[in-house]
2 protein chains.
Amino acid sequence: MTEGWERRLRDQGFRITPQRQLVLEAVEHLRHGTPEEILVEVQRTASGVNLSTIYRTLEVLEDVGLVTHAHIGHGPPTYHAVDEHTHIHLVCDRCKAVQSVPASRAAGFVDALEAEFGFRTDISHVSVHGLCADCKDRSFEPEPDDPL
Amino acid sequence: MTEGWERRLRDQGFRITPQRQLVLEAVEHLRHGTPEEILVEVQRTASGVNLSTIYRTLEVLEDVGLVTHAHIGHGPPTYHAVDEHTHIHLVCDRCKAVQSVPASRAAGFVDALEAEFGFRTDISHVSVHGLCADCKDRSFEPEPDDPL
DNA sequence: TGTCTGCTGCAAAAGGTTCGCAGCGATGTC
DNA sequence: GACATCGCTGCGAACCTTTTGCAGCAGACA
């Protein structure tokens with residue numbers, strides 16, 4: 001688990017609680033998790049934890065820079081720990097598979113946006129949608145009903 | 001307004017209704033519109049139109065390829081007509097301003113994803129988040145409460 | 001050990017989207 | 001032009017995710 005997370009919280013005036021530790025562990029374990037998924041993971045250890053606590057905790061952990069979230073389209077946001085390398089999510093609109101790609105692959109694009117429009121991109125915040133290699137070749141087949 | 005929209009609908013077995021015409025006009029007029037904003041625009045002409053009709057109509061119009069939607073983060077999706085040039089939305093996380101950039105600016109990035117991962121990107125579907133030129137320079141000031 | 005105040009669980013509210021249903025009206029036919 | 005069909009709409013309720021208010025609990029510090 002991210003070392004120094006306790007300091008991170010305490011330094012900003014937050015308290016250390018079991019719930020916060022469990023949420024952080026869950027996020028790191030899941031790598032990509034929606035609040036609901038994080039709740040389930042946390043409840044494997046502490047069944048009494050409430051969903052609203054998950055939301056409030058994620059907000060706090062994001063405040064102190066221990067986690068971030070990204071949007072992958074219609075669904076709820078997914079959270080992940082910040083100690084991992086920054087990455088981009090490639091979301092397949094057909095099979096819903098999520099693939100992670102180093103953010104460095106977008107460096108040229110990001111630099112161009114900054115140079116041309118003065119826009120400083122947070123590339124990891126929103127996912128890239130499209131068709132994955134597998135689905136691209138199968139696009140004539142009927143869509144799966146609910147691949148999740 | 002997009003010519004041939006009636007044919008587009010009829011060919012797929014859909015009916016032509018005033019509501020569908022108004023929604024399409026609203027989307028084209030607004031350029032970027034959430035369902036709620038589209039409702040308001042439509043109601044300037046026909047006050048009786050219901051929000052659920054907006055949702056259902058947008059779904060139909062998207063089915064036949066007359067509109068598409070994109071996600072700009074937390075909020076609801078925004079719809080736009082497909083006859084415009086494909087573009088990317090740059091969303092400022094601070095002032096919420098949305099800037100449109102030709103999708104061609106991402107060509108290199110898109111091509112790289114296809115070459116390296118076989119991923120065919122629909123670059124316009126999800127917005128790019130970050131800080132616009134103005135906010136980048138003012139990032140030490142307090143955030144505006146609600147810039148909308 | 002005790003006090004203070006932040007944090008949590010619970011329940012209700014809020015916001016956005018979907019659904020069921022009855023009636024209306026666009027379409028094709030006569 | 002009138003008629004029958006069934007797709008579309010308006011309405012209200014349901015749903016799902018996220019937020020909020022509140023009372024009680026518990027972490028931090030003395």
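This one's a predicted model, so the numbers in the text were calculated from it and none came from an experiment. Chain A is the first sequence line, chain B the second, and so forth, proteins listed ahead of strands; every chain is numbered from 1.
- Between A:Val42 and A:Ala26 the shortest heavy-atom distance is CG2-CB, 3.9 Å.
- Regarding B:Glu36, its CD atom lies at a distance of 15 Å from the C1' atom of C:dT18, rounded to whole Å.
- Summarising the geometry of B:Pro35 relative to B:Leu51, their closest heavy-atom pair is O-CD1, 4.1 Å, with the distance given to 0.1 Å.
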Quick one: which protein N/O atoms are closer than 3.5 Å to N/O atoms of nucleotides 28-30 of chain C? Pair and distance per line, please.
none

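- Here OG1 of B:Thr78 is found 8.5 Å from CD1 of B:Ile38. Values are rounded to the nearest 0.5 Å.
- The side chain of B:Thr17 places no N or O atom within less than 4.0 Å of a non-bridging phosphate oxygen (OP1 or OP2) of C:dG25.
- Distance CG (A:Leu61) to P (C:dC7): 11 Å, rounded to an integer number of Å.
- Atom CG in A:Asp11 sits roughly 14 Å away from atom C1' in D:dA28 (whole-Å rounding).
- When rounded to the nearest whole Å, the span between CD of A:Gln21 and C1' of D:dG27 equals 14 Å.
- Of the side-chain N and O atoms in B:Arg20, one or more sit less than 4.0 angstrom from OP1 or OP2 of D:dC8.
- Between A:His69 and A:Tyr79, the ring planes lie tilted relative to each other; the angle falls in the 30° to 60° range.
- In this model, the phosphate group of D:dA26 is not approached by any side-chain N or O of A:Gln19 to a distance below 4.0 Å at OP1 or OP2.
- To the nearest 0.5 Å, the span separating CD on A:Gln21 from CD on A:Glu25 amounts to 4.5 Å.
- Aromatic ring centres of A:His89 and A:His80: separated by under 6.0 Å.
- At distances below 3.5 Å, not a single donor-acceptor pair connects side-chain atoms of B:Glu116 with backbone N or O atoms of B:Leu113.
- Contacts of A:Ile16 with the nucleic acid, taken as non-hydrogen atoms under 4.0 Å apart, involve only primed sugar atoms and P, OP1 or OP2.
- The base of D:dC29 does not come close enough to the side chain of A:Arg15 for any donor and acceptor atom to sit less than 3.5 Å apart.
- Residue A:Leu51 contributes atom CG, which lies 12 Å from atom C1' of C:dG9 at whole-angstrom precision.
- Across every non-hydrogen atom of A:Gln12 and A:Val64, the tightest pair is CG-CG1, 3.7 Å.
- Rounding to whole angstrom units, CZ of residue A:Phe14 and P of C:dT5 are separated by 17 Å.
- With rounding to the nearest 0.5 Å, the separation of CG in A:Leu9 from CG in A:Asp63 is 10.0 Å.
- The one candidate from B:Val67, B:Leu39, B:Leu61, B:Leu66 that meets the side chain to side chain contact (heavy atoms under 4.5 Å, CB included) condition with B:Val23 is B:Leu61.
- Atom OH in B:Tyr55 sits roughly 7 Å away from atom P in C:dT18 (whole-Å rounding).
- Atom CG of B:Leu39 and atom P of C:dG15 are 16 Å apart (whole Å).
- Considering A:Leu24, A:Val49, A:Asn50 as possible partners of A:Gln19, the one that fulfils the side chain to side chain contact (heavy atoms under 4.5 Å, CB included) test is A:Val49.
- In the helix from C:dT1-D:dA30 to C:dC30-D:dG1, the terminal helix axes, each the rotation mapping four pairs' C1' atoms onto the next four within five end pairs, subtend 40°, rounded to 10°.
- The pair A:Glu59-A:Arg56 does not meet the salt-bridge criterion, since no charged nitrogen lies less than 4.0 angstrom from a carboxylate oxygen.
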Got a list of protein N/O to nucleotides 10-14 of chain C N/O distances below 3.5 Å?
from, atom 1, to, atom 2, distance (Å)
C:dC10, N4, A:Ser52, OG, 3.3

